[in-house]
Amino acid sequence: MSEHERGDTRLARSLQMLAETEAASETPPRVEAAIMAQWDAAQSSGRLRRTGRVQTARRVAVTTAAGITVVGALVWPRGTNESVNVPVTDRYTTVAVVGGPLLADEPIRVVRMRVARSVLGELGVPSPAPQSSPSVETVDIDVLVGEDGVARGVRVPVEAGL
Amino acid sequence: MRDAASASDLDLMRRTAAGDRDAFETLYRTHQATVYRFARLMTGSTTVAEDIVQEVFLALMRDASRYDPARASLTTYLYGSARHHTRRRLLRDRFLVRLDEHADLCVPCSSTTVDDELIRQRDVQHLRRAIVRLPARYREVIVLCDLQDVSYADAAQALGCAIGTVRSRLHRARHLLADKIQRGLACVDTARQPSVRCEV
């Protein structure tokens, strides 16, 4: 047997011994404990993150709802703060006050206002005393507002106006 | 048998990805020794090997959903991960010198006579030192193919190289090892060689 072969044999034997020695080696229990603790921590933080996401979504939803409410309250046409019993009538006369005539398909908003009867006189709308209640000094009118925010006309109930 | 094990590993991986603690625990208990032995032989240190086992399984825990069984078996995947973490660790610790490696790698006595055990431990110690002194690319193939009984194909997959490369590296590694052992470079005489530093 040559020197080279003896070396190879010795190496093979040593490798075999080392492999046998190593075969029984395992990580100590503390490593498993540490890893499983990390697992638990990661899972609980994952749950916290999920909970956090839900809470964030709720906050966003509440904030959005509040924002819509506020914006709606600001943008929505306001009436008087008083509780008003507006007489329902389908008989109106309309007086254009500004701008051009209303187009057929022009979107408009109707803003109901309670104004002094004298205001109608200033607008050139005759306002004879109503037959039902001569002592009433105010009258409910509808202001027709165009898409550009400019009043197009005033709609006055027949009973109050002409 | 191997297919059954792979199927089991795949199922465990899916359950782990879904957050099943028992599945992860089973995976750990099944594969920890493989990773630990590889890391221990690669680094020559028990404590570093334990750290690497932790890093490998924490990475597995994080990336369980990204494991692709079509690319490699779980064992091969773990070898690849262990190799990656071992290299990183060795690179990071390349300027450090261990002081307790002799106590660290002591093994329990299992031979019939004290003389046999002393000779055995001395030879094993020589070999450990010689392996640790090999360049990393040779050390890997020795550890995988000669000490862990990994097939050349799986070793090639874990190392990201061709089977032919594994064969040639193994041949070269054995030659280097035999040479080191023969020339007594891996002597355990602490007076002459107070420390072992892994080649990166």
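Numbered from 1 within each chain, the chains take letters A, B, ... in sequence-line order.
Neither the backbone nor the side chain of Arg62(B) has a heavy atom closer than 4.5 Å to any heavy atom of chain A. There is no contact between Ala12(A) and chain B, counting heavy-atom distances below 4.5 Å. For chain A, the nearby part of Leu58(B) is the side chain; its heavy atoms alone come within less than 4.5 Å.
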Residues Ile35(A), Phe24(B); criterion side-chain contact (heavy atoms from CB on, under 4.5 Å); working and verdict: CA-CA 10 Å; Ile35(A) 290 173; Phe24(B) 180 68; 3.6 Å; yes
Glu32(A) vs Glu25(B), side-chain contact (heavy atoms from CB on, under 4.5 Å): CA-CA, chis, key distance, verdict: CA-CA 8 Å; Glu32(A) 180 177 342; Glu25(B) 198 169 22; 3.5 Å; yes
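For the pairing with Val124(B), the side chain to side chain contact (heavy atoms under 4.5 Å, CB included) check across Glu22(A), Met17(A), Glu20(A) returns one residue only, Met17(A). Screening Arg37(B), Glu50(B), Gln32(B) for a side-chain hydrogen bond (donor to acceptor under 3.5 Å, both in side chains) involving Thr27(A) leaves a single residue, Gln32(B).
Annotation for Arg15(B): atom CZ counts as buried by contact number, over 12 foreign heavy atoms lying within 6.0 Å.
Rounded to the nearest 0.5 Å, atoms CG (Leu18(A)) and CD (Gln125(B)) are 10.0 Å apart. Taking CD1 of Ile181(B) as the reference point, atom CG of Leu15(A) lies at 7.0 Å (rounded to 0.5 Å).
Pairing each heavy atom of Trp39(A) with each of Thr16(B), the nearest pair is CH2-O, 3.6 Å. Here the closest non-hydrogen pair linking Gly19(B) and Gln43(A) is CA-OE1, 3.9 Å. Considering all non-hydrogen atoms of both residues, Arg174(B) and Leu11(A) come closest at O-CD2, 3.3 Å. The shortest non-hydrogen separation linking Ser25(A) to Ala33(B) is O-CB, 4.0 Å.
Among the candidates Ile142(B), Asp149(B), Ile131(B), Leu147(B), the residue making the largest number of heavy-atom pairs closer than 4.5 Å to chain A is Leu147(B). Per-residue counts of heavy-atom pairs under 4.5 Å with chain B were compared for Arg13(A), Arg30(A), Gln16(A); the largest is that of Arg30(A).
Under the 4.0 Å criterion applied to side-chain N and carboxylate O atoms, Arg40(B) and Glu26(A) are not assigned as salt-bridge partners.
By a heavy-atom distance cut of under 4.5 Å, not one residue of residues 165-173 of chain B is near chain A. Taking 4.5 Å as the heavy-atom cut-off, none of the residues of residues 77-85 of chain B approach chain A.
With hydrogens and angles disregarded, no donor-acceptor distance shorter than 3.5 Å links the side chain of Arg21(B) to the backbone of Asp40(A).
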